[in-house]
Amino acid sequence: MSRVLAAAAVRVALDQATESVTTARTLLPGTPASAEVTEALLGAAIRSVPRWHFAMLNDLERNDAFAVALERVVPPGAHVLDIGSGTGLLAMMAVKAGAGSVTTCEQNPVLAAVAEQIIAAHGLAEVITVVPKLSTDLVVGVDLPRRADVIVSEIVDCGLVGEGVLPTVRHAREHLLEPGGVLLPDSAVLYGALLDSQAVDGLNRVQSAAGLDVRLLNALSTRGHFPVRLPTWPHRLISAETEIARFDFAADSLLDESVEVGIEVTEAGTAHGLAVWFDLRLGGGIALRNAPDNLASHWMQAFVPFAEPRPHAAGERVRIAFSWTGGRLSARRLDFASAVEGI
């Protein structure tokens, strides 16, 4: 990033910090209440809650899957830890499934307050404790009475790893879960296919506009993956669905890693990147999948762009270095050769 862009980024960060301080001051004791103050606070609260919460809560497939999985894996009277309260939905589902007590944590104080009120409205405040913290800040014996028998979480994005599920689960199973306890979800698989779509690629890359070169903007393009609902854009998958990576949440290291994947081109075209989706195994034989053909899922698919688009002929086998680092999926082509040569 150039010095000019870096300086601009610093100014934006300072402006946002100033706005936050100004808003916070309206909460100080003795500050006179006014319509303007109330509106400012409401606006700050609204901005703090990502809009996808609404789509997620309206995802019937997702809600039913978690409800059934919890019913199948929660032992009667168990202590359950729910990571990422949101509205407290999974915590309340855990009680319905037979949990004796539930601790649910939420880093966003606005959502934590909302969850507390919803839980109380359902008469479950004596069974469910809301802690406004990150799970990595929880202390056994302080924030929760003991280690959990079951830990449930749904902190995945369209590419699985973008909301920090891997480091969160890694910490939780070591510090917050009873030995032999249950993790829900218990595993996941990432799938992908080579994507030919100038339209999707154009969501994150530009060449010219109105005859003028604007490629400098590409310095600010998204690094790694970003969400796209494939059926809404012209596109072709020029390879079959290919397994990219597997994650056993109970046994794997869940560290940043890179794997090499071979993908055979089934139809000639230009590969702009990888379309990626997941199969999330919740336990009890229940799974959720955000493949392109699942139009009911609130999760979109992930697009992982290549550095440069490249044409391929049918029968070529493309070798890709696929990595997940800091919640970001990346893909780099290594080389390609004719599949009929057995390479």
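- Inter-residue side-chain proximity for Glu316 and Ser239 is flagged as unmet; no heavy-atom pair is nearer than 4.5 Å.
- The CD atom of Glu241 lies 11.0 Å from the CD1 atom of Ile263; values are rounded to the nearest 0.5 Å.
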Give every donor-acceptor pair under 3.5 Å between a side-chain atom in residues 122-136 and any protein atom, sequence neighbours left out.
residue, atom, partner, partner atom, Å
His122, ND1, Ile118, O, 2.9
Lys133, NZ, Asp143, OD1, 3.0
Lys133, NZ, Asp143, OD2, 3.0

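- When all heavy atoms are compared, the tightest approach of Ala271 to Phe306 is O-CD1, 3.7 Å.
- When all heavy atoms of Tyr191 and Asp279 are compared, the closest pair comes out as CE1-CB, 3.8 Å.
- Inter-residue side-chain proximity for Ile244 and Ile320 is flagged as unmet; no heavy-atom pair is nearer than 4.5 Å.
- In this model, no donor atom of one side chain and acceptor atom of the other lie less than 3.5 Å apart for Arg170 and Thr168.
- The closest donor-acceptor contact from the side chain of Arg223 to the backbone of Ser330 lies at 3.5 Å or more, if one exists at all.
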Acceptor/donor pairs from residues 172-185 side chains to any protein atom, 3.5 angstrom cut, sequence neighbours excluded:
residue, atom, partner, partner atom, Å
Arg173, NH1, Phe249, O, 2.7
Arg173, NH1, Asp252, O, 2.8
Arg173, NH2, Asp252, O, 2.5

- What's the verdict on side-chain contact (heavy atoms from CB on, under 4.5 Å) for Leu195 and Leu237, showing C-alpha distance, side-chain angles and the deciding distance? CA-CA 5 Å; Leu195 181 69; Leu237 298 179; 3.7 Å; yes
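- In the hydrophobic clustering of this structure, Phe226 does not group with Leu329; members are Ile, Leu, Val, Met, Phe, Trp, Tyr whose side-chain heavy atoms approach within less than 4.5 Å, directly or through other members.
- Centroid-to-centroid, the aromatic rings of Trp233 and Phe303 stay 6.0 Å apart or farther.
- Within the model, atoms CG of Leu190 and CD of Glu243 stand 9.0 Å from one another, a figure rounded to the nearest 0.5 Å.
- Under the 3.5 Å distance criterion, the side-chain polar atoms of Trp277 are left unmatched by any main-chain donor or acceptor of Met300.
- The nearest pair of heavy atoms linking Ala240 to Ala193 is O-CB, 3.9 Å.
- Counting only distance, with no hydrogens or angles, the side chain of Gln301 and the backbone of Cys158 share no donor-acceptor pair below 3.5 Å.
- Evaluated for a side-chain contact (heavy atoms from CB on, under 4.5 Å) with Leu144, the options Val80, Val139, Val102, Thr103 yield exactly one hit, Thr103.
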Quiz: residues 55-77 side-chain donor-acceptor pairs under 3.5 angstrom, not counting sequence neighbours:
residue, atom, partner, partner atom, Å
Asn58, ND2, Phe54, O, 3.0
Asp59, OD1, Glu61, N, 3.2
Asp59, OD1, Arg62, N, 3.1
Asp59, OD2, His298, N, 2.8
Asp59, OD2, His298, ND1, 2.8
Glu61, OE1, Asn294, ND2, 3.0
Arg62, NE, Glu154, OE2, 3.0
Arg62, NH2, Glu154, OE2, 3.1
Asn63, ND2, Leu57, O, 2.9
Asn63, ND2, Asp59, O, 3.4
Arg72, NH1, Gly284, O, 2.6

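- A donor-acceptor contact shorter than 3.5 Å links the side chain of Asp256 to the backbone of Gly326.
- Going from atom CG of Leu166 over to atom OG of Ser253 covers 9.0 Å, rounded to the nearest 0.5 Å.
- Residue-environment remark: CZ (Arg215) stays at or below the threshold of 12 foreign heavy atoms within 6.0 Å.
- By the 6.0 Å contact criterion, CZ on Arg332 is open, its count of non-hydrogen atoms from other residues, nucleotides or ligands being 12 or less.
- The minimum heavy-atom distance linking Arg333 with His312 is given by the pair NH1-NE2, 3.6 Å.
- Considering only heavy atoms from C-beta on, Val189 comes within 4.5 Å of Arg246 through its side chain.
- At a threshold of 4.5 Å between non-hydrogen side-chain atoms, the residues Ser297 and Leu288 do not count as touching.
- Using a 4.5 Å heavy-atom threshold, the side chains of Glu106 and Val114 count as separate.
- Both Leu280 and Val165 are part of a single hydrophobic cluster, where members link through side-chain heavy atoms under 4.5 Å apart.
- The shortest side-chain heavy-atom distance between Phe278 and Phe247 does not fall under the 4.5 Å cut-off.
- For the atom pair CZ of Arg147 and CG of Leu81, the computed distance is 11.5 Å after rounding to the nearest 0.5 Å.
- Summarising the geometry, atom CZ belonging to Phe322 is positioned 9.0 Å from atom OG belonging to Ser258; distances are rounded to the nearest 0.5 Å.
- In plain terms, the two heavy atoms of Asp196 and Gly269 that are nearest each other are OD2-CA, 3.5 Å.
- If you take CG on Asn204 and NE2 on His225, they are separated by 12.0 Å, rounding to the nearest 0.5 Å.
- In this structure the side chain of Trp299 never reaches within 4.5 angstrom of the side chain of Asp157, judged on heavy atoms.
- A 4.5 Å side-chain heavy-atom check between Ile83 and Val152 finds every atom pair outside the cut-off.
- Cys105 and Leu138 make their closest contact through SG-CD1, 4.0 Å (heavy atoms, listed as atom of the first residue, atom of the second, distance).
- The hydrophobic cluster containing Trp52 does not contain Val49, counting ILVMFWY residues as joined when their side-chain heavy atoms lie under 4.5 angstrom apart, directly or transitively.
- Under the 4.5 Å side-chain heavy-atom criterion for Ile, Leu, Val, Met, Phe, Trp and Tyr, Val276 and Ile238 are members of the same hydrophobic cluster.
- Cluster membership for Val161 and Val261, using ILVMFWY side-chain heavy atoms within less than 4.5 angstrom, is shared.
- Side chains of Asp82 and Thr104: a donor on one and an acceptor on the other come within 3.5 Å.
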